[in-house]
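Order of the sequence lines sets the chain letters (A, B, ...), proteins ahead of strands, with each chain counted from 1. Keep in mind that this is a model prediction, so the values were computed, not measured.
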Amino acid sequence: MAELPKQYDPKQHEEKIYKKWEDAGIFAPSEKASGKPFVIMLPPPNITGSLHMGHALQDTIMDILIRWHRMMGDKTVWVPGTDHAAIATNKVIENQLYTEGKTRWDIGREAFMERTEQWYAKTGAEILNQMKRLGCSCDWGRARFTQDDGYVEAVNEAFVRYYEQGYIYRGARIVNWDPKTQTTVSDLEIDWKTEKAPLYTFTYGPFEISTARPETKFGDKYVVMHPDDKRYAKYKDGEMFEAEWINGSVTATVIKDEVIDMKFGTGVMTITPWHDTTDFEIARRHNLDMEQIIGFDGKLLPVAGEFTGLETSEARPKIVEKLQAKGLLVSINENYEHNVALNDRGKGVIEPQVMRQWFVDMKKLKGDTIEVAKKDLIRFVPPRWKKHFIDWMENVYDWNINRQIWLGHRLPVWWKAGTHGTDSEEGNFVVSIEKPAGDYEQDPDVLDTWFSSALWPFATLGWPEPTDDLKTYYPTSVLVTGRDILYLWVARMIFSGLELLKDKKYSRPAIEARIPFHDVFIHPTVLTKKGQRMSKSLGTGIDPLELIEKYGADATRFGLMYQMSYDSQAIKFDEEGIKAARNFSNKLWNIARLLESLPDRATESVADAWIQNRLQAVASEVTNLLSLYKFGEAARILHEFVWGDYADWYLEIIKVEGSTVIAREVFKTTLRLLHPFMPHITEVLWAQAGEPKLLAISAWTAEGVVVDDTSKDIAIFQEVVGAIRSARILLGIKPGSKITIFTENALPLSQALEALAKITISSEKKEGMRALPLQSGTQLFFGSDEITPDSLAAARARLKKTEEKAENLITSTKRIIAAMRGRAAEDKISEKEALVATTEQQLEDIRRSYDLLDE
RNA sequence: GCGCGUGUAGCUCAGUGGUUAGAGCAUCACAUUGACAUUGUGGGGGCCGAAGGUUCGAUUCCUUCCACGCGCACCA
C-alpha cells in the first residue's frame, strides 16, 4: 500500500472520490435496500444563483441525513432541482434591455422569452455543480426544473383543479403594486423600512385631520371616527358636510368605525380606499365609493387637477404649499416616523392599488392544514415553529397568485379577445389547459413563483400522474429549510399537498398520506461573526466555494456543523471553525498513517476494552442525536472522541501496548460515524484501510462487542500521567530528566505509562522518594535528582491544596446530606454518603503523604 | 404593542438544582527530528446580563427588568 503523505490535501481526493460514487451509481435509491424509503426534496435554488453560506449549511444537513439513512439501509433518495427564479431573471433581462435603451414592451414577449432561454443556457444550473463540490449525494438523474415540460403541466393542472373546486376567484382587491417593476408583490415579500416624514395636520370642514401623504388626498370625501369618541358625539354616522379642500369644495360624509384609534392625532381621519389597505377595508364595510388617485406608473391622475402627471414625491410639497396658502394647514410634526413598504426584490416603493386579480380563497383551501400541525402529523423541529405556523395559518388571508411580469408560468386562463382588464371581464373567460376554440387570448400574467414551488414535493415525482415514484416516495421524510420561507413556501406545500392528492386515483384518503413531509427541520441563519446578515451588496458575504478551495469540502461541512446548535436561530460564522475542522481532517489522516506504521499485535489491554466501550457509547449517542436533528452536538461528540479519547490517550497507549487489530477496527467504525459529516476523507481512509466496498454504502455501525468495563483503570492511568506532568512542572524538573516512581498498588498499562509520562517504574521504594498525592487515593512516590528544597516546598503547597479540597468536599457534602434528610430520595442520599466515605479515605492518604514528604 | 430566540473566559460556544462551571480559538510558558507545528504539555483568564422569589442550596426553576437579534401586527 502506498505510503501516505504527511498532510491531507483535499484537492488530491475530493473530485476523484465524488466521481467514484457517481460511477458506482450509489446516489439513486438502491433496489436492494430493505429499509423504508427515506426521501428529501432539495428546496430548489434559483437556477441562475450560486451557492452561498445558507445553501452550504442546508445542503450539508440534508446530505448528512441522506448519507446516514443510506448507510442504515433505507431506500434513500435526494431529489435535486432548480427554480426558474422568475423575478430575479426577469429583472436581469430587463436590465440588459435598459442598457440597450429598450423596455420589454419594445421587444415583445417572444423575444423576451428567447433572451431568457439564452440567459438560462449561459448560467446553466451551475449551482448544482457547486453542490457536487460540497459532496452532496443527490440523485442527479431525478433532477427537475420548475419550468421543464412535466412541471409546467403540473402547474396548469393544479390551477385548473383549484379553479374547478372553487378555490380560485378573480376579484378587485387592494394589492401591493410596485411601480418600479410594474407588478404586484405579495405581503410576504415586503420589507418595512422606518422613515422620518413630516406629519401634516389640515383643517377639513369642522375637523382636523393628519396625514403623511397629502398627495393621496384628492379624492377623500369620508371622515371616519370611533363611534365611542365623545368629542365627536354630535356628528352622526352618514351626516354630510361641505369642506374646502385642495382643488375647491367637496361634499364629505361622516363614517363611524371601530378601527379608529381615538388616541392617535385628532381621532379623525379621511380615507383613501384605493391606496390604503385599512381604508379599503373600511370602504368595503360601509360600501363607500373608491377612486384611483395615483396611476400604475406612480404619477397623479387627472383627479389631481393642476397636479396631474406629477410623481407623488414632486407633488407632495406643492400640495402642502397650496393648502397652506388656503389657510388650511394647522401644523407640521417634523419628528413623525412611519413605515414605508418596499418590494424586497429591487426595493421599489409599494403603492397599494385596487386591481382585478386572481386569488386563492385561503379560508376554503387551508382545510386540514392546521389540524396537521396540531396533531403533529407534521412535526416541526425545533418544536417552537409549530406555534408560529399555526398562528399564521389561523390568520391567513387570500393569496394573490398572479404577477405582471413575463417570466414564469402562464395562467391557463383564456379571455375573449379584448375583454381582459376591461369592465366586461365577467363571464368572458375560460379556465382550461388547452386554448378554447374561437377568438381567445391567454391571460397575460404569470403565476407567483410560490404557486409552482408549492407543488414541489409531488410534481417532482410525476404528479399529476399516479406514477410509481409518487406511490413509493410520497410523503417525503423531511423538509430542511430556513425560517424565512416557513410561510411563503412550507405552508403552501402543505395545503397544496393535502388538496391535490385527494383525487381517487392517488388512493390517499387519509390526511397523513397526503402531507408532503413528516418532519420540517428549520435550520439557523448563517450570520457574520459580528452578527450581521451575510449579503453580497454589504460585502459581508463569505463564499463557501472559497472555503472549499482553502480548507476542503469536508472541513467546510464539519466546521459548519460544529458551529451549529439546536436551539439557536443563528450561527455567527467564524472561519476559524473551518480551519479547526481542516486540522481535524488532518488529524484523521495522521491517525491512519500511525495505524499503518504500527506492527500487528493482538495482545489486548484494558485500553482496548475501554476504547471499544467508548466507541459504542459514542455510536449510540451520535445516532440518537442525528434522529433528533442535533447535528452540532453530534459533531462535537465525534470530535471529542477522536481527538481526546482516541488520539490523545488510546493511540499513545497503543504505540506501546495493546491490540493494534482493535485499534484499526475502532478507527474504521469511527470512519463510518464520521462519513455523513466528512464523506471524502473517510472514504479515502476506508479504502486505504483495505476495505473493498465503498464506505458510502457500508453499514452505519459495526456490530458491537461485549467487553469489560475498564474505565476505572483508564481513569487511574490518566490521573497518574496528569499528576506526574504537573509535578514535573511544579518541581521544575526538566522535561528530559528521568523520574522514578513507585507504588504499592498495581498500575494499569505500566509500559505505556513509562513511555507516556517519561518515567521509570521502580519495583521498590527508594531512598529520597517523595509522595505525590492523587485524588483517587492511589499512593504514589516519585524520585528525581532534581528535587530541591524549593521544589519540595512547592510540592507541599500542592499537597496542602489537595488536602483542603478534600476537606471542603467532605464538609460541604455532609452539610448537603444533613439538608437532604427527609427531603430527597434515599438513593440520592446514599450516593452522597458514599462520596464522603471515599473522600475521607483519600484525605487519610493525603495526610500520610505529609510525613513521607518530610522524611 | 404581542410573540420567539439569545445573553457563561478576550472571541465563538458547550453545560449543570448540589464537590472546584467546561471546550475550541486567542494569549503566555515549555516541549518536540518517528502519526500530525494543520502537533503535544502546562498556566493565566469567569459576581454564568441585573434585581427579586422558590429552595437547606440557584449559573440552572419562577417573576420582573435590561441589552441584542428575529418574526407578527399597527402606523391617519
**Prompt:** When you look at A:Tyr566 and A:Val381, which way does the side chain to side chain contact (heavy atoms under 4.5 Å, CB included) test go after all the steps?
**Reply:** CA-CA 9 Å; A:Tyr566 178 78; A:Val381 185; 3.7 Å; yes
Where the side chain of [X] is concerned, which of [options] is the nearest nucleotide?
X        : options             : result
A:Ser565 : B:G3, B:U38, B:A14  : B:A14
A:Tyr397 : B:C4, B:A73, B:A35  : B:A73
A:Arg725 : B:C72, B:U41, B:U38 : B:U41
A:Arg636 : B:C4, B:U19, B:A14  : B:A14
A:Thr278 : B:G24, B:C75, B:A35 : B:C75
A:Lys655 : B:A35, B:C13, B:G40 : B:A35
A:Lys529 : B:U12, B:C70, B:C75 : B:U12
A:Asn590 : B:C36, B:U19, B:U38 : B:C36
A:Tyr487 : B:C72, B:C4, B:A35  : B:C72
A:Leu809 : B:U19, B:G3, B:C75  : B:U19

Nearest-Å distance, [atom1] ([X]) to [atom2] ([N])?
X        : N     : atom1 : atom2 : value
A:Lys579 : B:A26 : NZ    : C1'   : 11 Å
A:Ile637 : B:G24 : CD1   : C1'   : 16 Å
A:Trp649 : B:U41 : CH2   : C1'   : 10 Å
A:Glu576 : B:C11 : CD    : P     : 15 Å
A:Phe380 : B:G71 : CZ    : P     : 18 Å
A:Leu486 : B:C72 : CG    : P     : 10 Å
A:Tyr650 : B:G40 : OH    : P     : 19 Å
A:Asp648 : B:U39 : CG    : C1'   : 10 Å

When all nucleic acid strands are considered with a 4.0 Å heavy-atom cut-off, which category describes [X]: base, sugar-phosphate, or nothing?
X        : result
A:Asp279 : nothing
A:Ile260 : base
A:Arg483 : sugar-phosphate
A:Trp643 : sugar-phosphate
A:Thr211 : sugar-phosphate
A:Tyr336 : sugar-phosphate
A:Ala818 : nothing

Please check if any side-chain donor atom of [X] sits under 3.5 Å from a side-chain acceptor atom of [Y], or the reverse.
X        : Y        : value
A:Ser186 : A:Asn176 : no
A:Asp257 : A:His286 : yes
A:Thr270 : A:Lys217 : yes

Quick one: is [X] getting a side-chain N or O under 4.0 Å of the [N] phosphate, OP1 or OP2?
X        : N     : result
A:Asn583 : B:C36 : no
A:Trp385 : B:C70 : no
A:Lys587 : B:G40 : yes

Can you say whether the rings of [X] and [Y] are parallel (under 30°), tilted (30 to 60°) or perpendicular (over 60°)?
X        : Y        : value
A:His639 : A:Tyr562 : perpendicular
A:Tyr336 : A:Phe264 : perpendicular
A:Tyr8   : A:Trp589 : tilted

Considering only atom [atom1], compute the distance from [N] to [M] and round it to an integer number of Å.
N     : M     : atom1 : answer
B:U38 : B:A26 : P     : 11 Å
B:G5  : B:C47 : P     : 27 Å
B:A58 : B:A50 : C1'   : 15 Å
B:U55 : B:A31 : C1'   : 50 Å
B:A21 : B:A9  : P     : 14 Å
B:G7  : B:U60 : C1'   : 14 Å
B:C30 : B:G44 : C1'   : 14 Å
B:A23 : B:G15 : P     : 15 Å

**Request:** Assign each of A:Lys758 and A:Ile571 to its nearest nucleotide of RNA chain B by heavy atoms, then name whichever residue's nucleotide is nearer the 5' end.
**Result:**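 It is A:Ile571, whose closest nucleotide lies nearer the 5' terminus.
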**Asked** When you match A:Ile209 and A:Tyr8 each to their closest nucleotide on RNA chain B, which lands nearer the 5' end?
**Response**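 The answer here is A:Tyr8.
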Can you find a donor-acceptor pair, distance only, under 3.5 Å between [X] side chain and [N] base?
X        : N     : value
A:Glu652 : B:A35 : yes
A:Lys6   : B:C36 : no
A:Asn586 : B:C36 : no

**Item:** Range-with-range stems for RNA chain B, at least three Watson-Crick or G-U pairs under 3.5 Å
**Value:**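 Listed by first number, the stems are B:1-7 with B:66-72, B:10-13 with B:22-25, B:27-31 with B:39-43, B:49-53 with B:61-65.
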**Prompt:** Stepwise, does the side chain to side chain contact (heavy atoms under 4.5 Å, CB included) test hold for A:Met225 with A:Val254?
**Reply:** CA-CA 8 Å; A:Met225 60 212 71; A:Val254 172; 3.7 Å; yes
**Message:** Check A:Glu640 with A:Arg614, please: is the shortest side-chain N to carboxylate O separation under 4.0 Å?
**Reply:**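 Salt bridge absent between A:Arg614 and A:Glu640.
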**Prompt:** Do the numbers put A:Arg492 on top of the ring of A:Trp399, so that NZ or CZ is under 6.0 Å from the six-membered ring centre and no more than 45° off the axis?
**Reply:**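 Judged by the rule (NZ or CZ under 6.0 Å from the ring centre, within 45° of its axis), A:Arg492 counts as positioned above A:Trp399.
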**Request:** Establish, yes or no, whether the cationic atom of A:Lys386 lies under 6.0 Å from the six-membered ring centre of A:Phe380 and within 45° of the ring axis.
**Result:**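 The answer is no, since A:Lys386 fails at least one limit relative to A:Phe380.
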